[in-house]
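Scroll down for the structure; my scribbles are underneath it.
Note that the numbering runs from 1 along the sequence shown for the chain.
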Amino acid sequence: MSAPAITPVFVRLKLSLLRNGLRQSGGRKAAYITSAVFALLFAALQLIGLIALRGHAHAESVVVLAVAVLGLGWAVMPLFFPSGDETLDPTRLVMLPLRPRPLVRALLTASLVGIGPLFTLCLLVGSVVAVARGGAAFAVGAVAVVLALLVCVALARAVAVANVRLLTSRKGRDLAVLSGLVIAIGAQIVNFGAQRLGASGLGELDPAAGVLQWVPPASAIGAVHAVSEGSYGLAVAQLALTAGALMALLALWSRHLTRLMTSPDGSTLPGAESAAKERSSTGLARLLPAGRTGTVMERSLRYVWRDPKTKSAWVTSLAIGLIVPVFNAWQGTGSVYFACFAAGMLGIQMYNQFGQDTSAFWMVAMTISSTRDAYVELRARAYALLLITLPYATLVTVLTTAMLGDWRRLPEALGLSFALLGAMLATGAWTSARFPYSIPQEGYKNVAPGQAGLAWISIFGGMVAAALLCAPVIVLTIWLNVSADGDDWTWLLLPAGTVYGAVLTAAGLKLAAPRTARRLPEILAAVSKG
């Protein structure tokens with residue numbers, strides 16, 4: 001007796017999951033319906049826009065790039081939105097007597113149910129209509145749409161299964177926190193690309209499209225255009241490439257699925273070995289100073305790597321600090337002084353130092369019994385920040401200077417960056433003690449309710465003070481650039497800015513230390529709120 005087909009069962013299971021999820025609350029139902037309406041409306045407008053491209057000289061380049069970006073979106077979607085589809089976690093099926101091939105087939109079919117596949121289908125149909133000319137091209141287009149859709153879904157499934165242990169762990173939640181950053185950076189890139197296209201026309205897309213037409217799933221749309229141009233051999237090669245990619249993804253998916261469902265995970269293995277490995281991992285500690293300074297530096301750096309909120313803030317600062325000067329230099333409208341943005345963005349991380357510890361700050365507070373202890377604590381935190389900020393600010397400044405070709409201004413740009421960084425470390429240390437506030441660990445809020453005013457005073461007040469503290473270096477820079485023989489002495493701005501920044505940092509730490517030691521109970525109460 002043959003085993004019953006499981007594909008219809010999985011399709012009904014997917015529909016049941018969607019239906020039961022909407023029954024949980026009215027808010028969830030309203031959010032789902034609203035997002036579905038907007039997604040489908042956007043898909044319809046996109047379909048109309050692609051159809052309107054029919055006959056345009058560069059229609060192929062537009063649709064090929066659109067499908068390539070769509071495929072990339074399907075690849076990264078499971079990483080940044082691991083909780084968006086409960087069926088992405090195959091570990092729920094481990095105890096069921098299912099063979100890999102029927103399971104892959106059933107999951108692939110069930111994956112075609114949802115808003116995402118429908119949106120993808122609309123884009124693919126519009127792409128085919130935009131480039132197809134003749135009955136043969138539309139016939140190939142029907143095959144291309146099916147292949148491209150299956151490649152997108154199989155790609156998402158293969159990525160999800162290969163990273164399922166990550167997606168269900170703490171690091172997977174870190175990725176979800178960083179998803180907003182990826183969207184923000186992507187929006188900046190899209191904005192920059194739109195500006196370039198508006199100035200140069202769609203012809204700028206042709207070189208990229210010429211390469212991406214050989215990358216699945218975009219190769220399927222390239223095959224439709226090839227048939228329209230009469231290049232049947234080229235179309236066969238591109239369709240074969242897409243079909244081969246689908247087979248490879250299904251095989252990879254099946255392989256990871258088999259391994260996942262037949263091998264134990266970390267929760268079933270003894271934890272002593274990993275704990276011992278963690279305790280013996282002292283590579284970072286060996287590179288840091290001895291005593292309290294090294295301990296605090298290591299703790300701060302581990303927060304950057306492990307705490308989702310701290311990691312998100314750091315990655316956002318690193319990304320924006322690079323994007324602003326580099327993108328402006330790329331467009332030819334920038335200046336080497338824009339590189340100071342990198343130092344400014346990272347200097348913000350010095351603000352609210354104790355709030356980053358949240359309620360765990362009480363353990364730090366117990367080790368501070370004097371002004372000296374407070375000074376060493378603040379100094380070590382500043383050292384940890386400098387360990388990342390100094391080489392990063394230097395790299396961004398050199399890169400911006402190289403893109404602009406204005407090497408003569410490199411010393412003064414670096415001097416300004418280091419002076420600004422020192423000023424922000426100084427004001428950040430003082431405001432951390434004077435205006436501490438709590439950072440909620442859950443959700444996306446960075447300030448606890450009722451403390452928004454403290455956050456504004458701490459960050460923006462400190463930034464204004466830092467700008468005023470940098471006034472002597474700024475005035476010196478302007479004076480050397482406007483004076484007749486000042487160009488011969490601008491190199492002095494590098495050592496002057498470096499020394500001035502170091503003096504400001506030392507002075508800020510000295511002023512903040514006694515206030516920190518006196519206000520420990522108030523700081524602890526503020527950072528533990530919420």
Practice prompt. Any side chain to side chain donor-acceptor pair (under 3.5 Å) involving residues 508-522? Give me the pairs, sequence neighbours left out, ordered by first then second residue.
Written response: none

[X] vs [Y] side-chain heavy atoms within contact, under 4.5 Å:
X	Y	result
Leu395	Leu322	no
Ile388	Leu301	yes
Ile459	Met463	yes
Phe354	Leu378	yes
Thr310	Trp305	no
Thr293	Val376	yes
Val396	Phe341	no
Ser111	Val153	yes

Exam field: side chain [X] to backbone [Y], donor-acceptor pair closer than 3.5 Å:
X	Y	result
Thr431	Thr427	yes
Asn352	Tyr437	yes
Ser438	Val527	yes
Ser432	Met350	yes
Ser335	Phe338	no

Give every donor-acceptor pair under 3.5 Å between a side-chain atom in residues 496-504 and any protein atom, sequence neighbours left out.
residue	atom	partner	partner atom	Å
Thr498	OG1	Leu494	O	2.7
Tyr500	OH	Leu469	O	2.5

Worksheet item: What do the steps show when you test Leu425 against Leu386 for side chain to side chain contact (heavy atoms under 4.5 Å, CB included), and what is the final call?
Response: CA-CA 9 Å; Leu425 291 178; Leu386 287 171; 3.6 Å; yes

Discussion item. Please verify the inter-ring angle class for Phe42 with Phe119; under 30° counts as parallel, over 60° as perpendicular, anything in between as tilted.
Written reply: parallel

Worksheet, complete the sentence: CZ of Arg157 to CG of Leu108, rounded to nearest 0.5 Å, is 8.5 Å

Worksheet item: Can you name the residues that form a ring pair (Phe, Tyr, Trp, His ring centres under 6.0 Å) with Phe10, not counting sequence neighbours?
Response: none

Fill in: Pair Ser300, Tyr383: side-chain N/O donor-acceptor within cut-off below 3.5 Å
no

Discussion item. Quiz question: by atom type and distance under 3.5 Å, do the side chains of Trp74 and Thr120 form a donor-acceptor pair?
Written reply: yes

Worksheet item: Got a sec: does the CZ of Arg255 have more than 12 other heavy atoms crowding it under 6.0 Å?
Response: no

Discussion item. Exactly one of Thr400, Thr477, Asn481, Thr401 should register a side-chain hydrogen bond (donor to acceptor under 3.5 Å, both in side chains) with Arg409. Which one does?
Written reply: Asn481

